[in-house]
Protein chains: 2
Amino acid sequence: MKKRIRIKDIADKAGVSTGTVDRVLHNRGKVAPDVKKRVLAVMDELGYERNLIASALAYNKQVRIVALLPNPTQDPYWQQTTDGVQQAIKAVQHYGLLVEPVYFDVFDAKDFLVRAKELLQTKPQAMLFPPLFLEAAGWLLEACAAAAIPTVLINTQLEQGKSLCYIGQDSYQSGVLGARLLDFGLQQGQTACILNLDFQTASAQHLHKKEAGFRDYFSAHPQKQIQIIRQDFEGFQDVNKCLVFIKQLLDTHPKLAGIFVTNSRAYKVLECLKQLPERNIKIVGFDLLEANLEHLHAGEIHFLINQNPVEQGYEGVMSLFKHLILKQPVEPLQYLPLDIVVKENVDYYLQRHATLEVLGKTL
Amino acid sequence: MKKRIRIKDIADKAGVSTGTVDRVLHNRGKVAPDVKKRVLAVMDELGYERNLIASALAYNKQVRIVALLPNPTQDPYWQQTTDGVQQAIKAVQHYGLLVEPVYFDVFDAKDFLVRAKELLQTKPQAMLFPPLFLEAAGWLLEACAAAAIPTVLINTQLEQGKSLCYIGQDSYQSGVLGARLLDFGLQQGQTACILNLDFQTASAQHLHKKEAGFRDYFSAHPQKQIQIIRQDFEGFQDVNKCLVFIKQLLDTHPKLAGIFVTNSRAYKVLECLKQLPERNIKIVGFDLLEANLEHLHAGEIHFLINQNPVEQGYEGVMSLFKHLILKQPVEPLQYLPLDIVVKENVDYYLQRHATLEVLGKTL
DNA sequence: TTTCTTTGTGTGTGCGAACACACTAAAGAT
DNA sequence: ATCTTTAGTGTGTTCGCACACACAAAGAAA
């Protein structure tokens, strides 16, 4: 082991006490400028690195943070994110980080705001949330900044600067990738559909970026002359409405041969397709939800792109752990990989979810 | 924070001292059977979990382990594994784990044996290596077992039992996946080639498994009537020999339209193809080597399957860290995901390599 | 009985950092 | 002239655990 430099070593060499070195380290002030300079010089010379283990042990404080998440019972996608957060909670709960999950109605921006305001009253020391509702999230970010509460954003990327970090996928690129994957199954002159099964209000720009990526891919690959259409549909919760919509979509576009479902609800489309006369439609969707996996195994979903919702939740909490407890710097932009998932490699991604490590992942 | 149960809490409740609890915890013996039973009962009742942070701090011992790896200058694939090991070394060096990398000639089983024997003399407290040479590796495993030296295997899977854990890909399944990916680019009646650019001695069974997976996929999908051939070629280091070989391969099989290169040397094939009259051959290969990435970006490699060599090295060392320092249980079989990589998602995997975390990954 | 082992148990110290607290000296207030 | 304040610094305790050591009791050998 390279002999580790301790605070005491610095203190000795600089001719001060460990207390002074500590004050320099933590910017607690009350150090004479020349002494501070000397200490810093010695630290630099000896190459001091904080011993995270000893540091974490001695920093014996409780930190309470809040994870404001969509109600997981409303959407299996958010269930996965919640799972990731829960795993992280288990990992860090004994080390001074108390994570309080709070759920809002995924379809209701007002509910998000109400919860957010309530939570701010309780003065958490950090917040984690997906900024699904642009305005409300913007307001919350401002409020947190004003109260000096660090924030971690997941799932939906806003411009950087206001938050400690963003963890999630690169939407634009996921659109490009979706196009590439769908392209494998398309023939000359066929039609591909970008399908937004969502409420417009929620994550609008998010989806726009995916669309842009998708279109840009086909612009850059005009050989097959694929025609691209886009459909937005909000009634996906009602099976009958959904059926009518899909039927009409197919009827209107006889050359339609591929659908890019821009979020995790590809299974909704397949529920409908099954009830209609068979037609060879390639589907590219997102995320390893149970419902999607069934169709993937049945060969009805062509590809799934894994946005790693579990990891988003897990890494989100872990980033705050690093920031607040370990006091390590945090990477402000953490794009998670866009995993291409087919039947033949899905197991390994599912397995990974099962074993996100505890002390294994953060020490 | 859930009030953490400490050793002292157990001691109090069981009416013994912390020293006794400690002896029970670490099986140091010298505890009366009835006392031991009582302590265990209390531990169970209160749900004790060791505080890994305090534990790691107090366990103030130096542990030396050895990583016996192929010479990274001989093969860029092993350079990546070495990179992962190096990153892990940085992460753990201050926490009592001294990792000593030693390199052997990747083409020479004898060299492996010689190094292994030398290393055994130095009595390392654990070993990490890829069992490339079946016999030599088997011998080393036995020797380590005899000396009670735990071993971690990476890259090439042997039957479990002799080692602490295996970290790497599932070879069979990677063959299946390779077939699936190649299948996208093949037409009715074409020929696909399994190409082993390797020395037979090294990793023979490893490659056999890939072949089996590959063949099984096409057996299960006979619709396109793909004919499968296999070629082994050892002269891949000599550009001219290689060219002759590829030329002959193409000439002999006019319907050849896809090549599955079973290791990371797909770029070798492309070097040759470029010098031959153009012919549309789909290539599926392994691993994100610089040379492969160039061809991926140029669209000449159809797909790459990422076997995560960096992670193999990194996680290998980390597993030993967990075992030896943190004394956490280690998952004996750690299949890394088989990432499907195309131009559109490659960046995220490369980025991940750059940011394998330090304390971030193991706490 | 005395002495030596063996077995079982408690005590004490160290790990490195964080932080509360005590203390000093000098400046400022009354 | 005395008291108060404050900047600057050192000391000591704490965190939870690991492990060496001390020590007692009980049994064995003399």
Side-chain angles (χ1 to χ4, degrees), chain A residues 1-12 14-39 42-43 46-63 93-97 324-328 359 363, chain B residues 1-12 14-39 42-43 46-63 93-97 324-328 359 363:
Chain A
M1 167 158 61
K2 259 188 215 157
K3 183 71 188 147
R4 178 135 202 160
I5 305 299
R6 300 162 302 167
I7 281 191
K8 185 154 191 327
D9 301 323
I10 312 234
D12 290 349
V16 294
S17 75
T18 60
T20 302
V21 176
D22 178 72
R23 276 183 284 270
V24 173
L25 269 172
H26 296 84
N27 276 310
R28 286 192 229 285
K30 317 233 172 180
V31 179
D34 58 321
V35 175
K36 179 168 181 176
K37 211 168 153 187
R38 195 168 74 233
V39 170
V42 173
M43 272 175 47
L46 298 184
Y48 173 76
E49 288 175 59
R50 206 157 47 96
N51 183 328
L52 290 179
I53 293 186
S55 175
L57 180 65
Y59 183 74
N60 192 28
K61 277 205 171 43
Q62 184 72 272
V63 176
Q93 66 180 347
H94 298 303
Y95 304 101
L97 191 62
L324 296 168
I325 305 294
L326 300 179
K327 296 177 179 165
Q328 281 188 289
L359 255 181
L363 181 65
Chain B
M1 166 156 66
K2 260 190 214 157
K3 184 71 189 147
R4 177 132 204 167
I5 305 299
R6 299 163 304 169
I7 283 190
K8 184 154 192 328
D9 300 323
I10 312 246
D12 289 349
V16 295
S17 75
T18 59
T20 303
V21 176
D22 177 74
R23 277 183 284 269
V24 173
L25 270 172
H26 297 84
N27 277 310
R28 287 192 229 285
K30 314 241 174 181
V31 179
D34 57 322
V35 174
K36 178 167 182 176
K37 211 168 152 187
R38 196 166 76 233
V39 170
V42 173
M43 273 176 47
L46 298 185
Y48 173 77
E49 290 174 59
R50 205 158 47 97
N51 185 325
L52 291 179
I53 294 187
S55 174
L57 180 64
Y59 183 75
N60 194 27
K61 275 204 172 46
Q62 183 73 270
V63 175
Q93 67 180 347
H94 295 304
Y95 303 102
L97 191 62
L324 296 169
I325 306 294
L326 300 179
K327 296 179 181 165
Q328 280 188 293
L359 256 183
L363 180 64

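Note that these values count all heavy atoms, side chains included, but never hydrogens, waters or copies made by symmetry. Computed from a predicted model, the values in this text were never measured in an experiment.
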Can you tell me how far P of dC15(C) sits from CZ of Arg6(A), to the nearest Å?
7 Å
As an exercise, state the distance from CG of Leu97(B) to NZ of Lys61(B), rounded to the nearest 0.5 Å.
14.5 Å
What is the distance, rounded to the nearest whole Å, between atom CZ of Arg50(A) and atom P of dA17(C)?
9 Å
Could you report the tightest heavy-atom contact between Ala11(B) and Thr18(B), atom names first, then the distance?
CB-N, 3.7 Å
Between the axis at one end of the helix from dT1(C)-dA30(D) to dT30(C)-dA1(D) and the axis at the other (five pairs apiece), what's the angle to 10 degrees?
60°
Provide the start and end nucleotides, 5' to 3', of the part of DNA chain D that has atoms under 4.0 Å from heavy atoms of chain B.
dG16(D) to dC19(D)
Return yes if some donor-acceptor pair links the side-chain N/O of Asp9(A) with the main-chain N/O of Arg6(A) below 3.5 Å, else return no.
yes
dG16(C) phosphate, OP1 or OP2, under 4.0 Å from Ser55(A) side-chain N/O:
no
Would you indicate whether the side-chain heavy atoms of Tyr48(A) and Val21(A) approach each other to under 4.5 Å?
no
Judged by each residue's nearest nucleotide on DNA chain C, which is more toward the 5′ side, Tyr59(B) or Lys36(B)?
Lys36(B)
Looking at Arg23(B) and dG10(C), is any side-chain donor or acceptor paired with a base atom of the opposite kind under 3.5 Å?
yes
Check whether any side-chain heavy atom of Val39(A) sits under 4.5 Å from a side-chain heavy atom of Arg23(A), and report yes or no.
no
CG of Leu57(B) versus C1' of dT13(C): gap in Å, rounded?
13 Å
Donor-acceptor contact present, side-chain Arg50(A) to main-chain Lys327(A), <3.5 Å:
yes
Mind calculating the distance between CD1 (Ile325(A)) and C1' (dA18(C)) to the nearest angstrom?
13 Å
What integer distance in Å separates His26(B):NE2 from dG8(C):P?
19 Å
May I have the distance from Leu52(A) (atom CG) to dG16(C) (atom P), rounded to whole angstrom?
14 Å
Between atom CG in Asp22(B) and atom P in dG8(C), what is the gap in whole Å?
16 Å
Quick one, Glu49(B) and Arg4(B) - any side-chain contact, counting heavy atoms below 4.5 Å?
yes
Heavy-atom closest pair (Tyr95(A) atom, Ile53(B) atom, distance to 0.1 Å) is CD2-CD1, 3.2 Å
Salt bridge flag under 4.0 Å for residues Lys37(A) and Asp34(A)
no
To the nearest angstrom, the CD-P distance between Glu49(A) and dA17(C) comes to 11 Å
Under 4.0 angstrom between Lys327(A) side-chain N/O and dA18(C) OP1 or OP2
no
Residue met sooner reading DNA chain C from 5', once Ala54(B) and Pro33(B) are mapped to nucleotides:
Pro33(B)
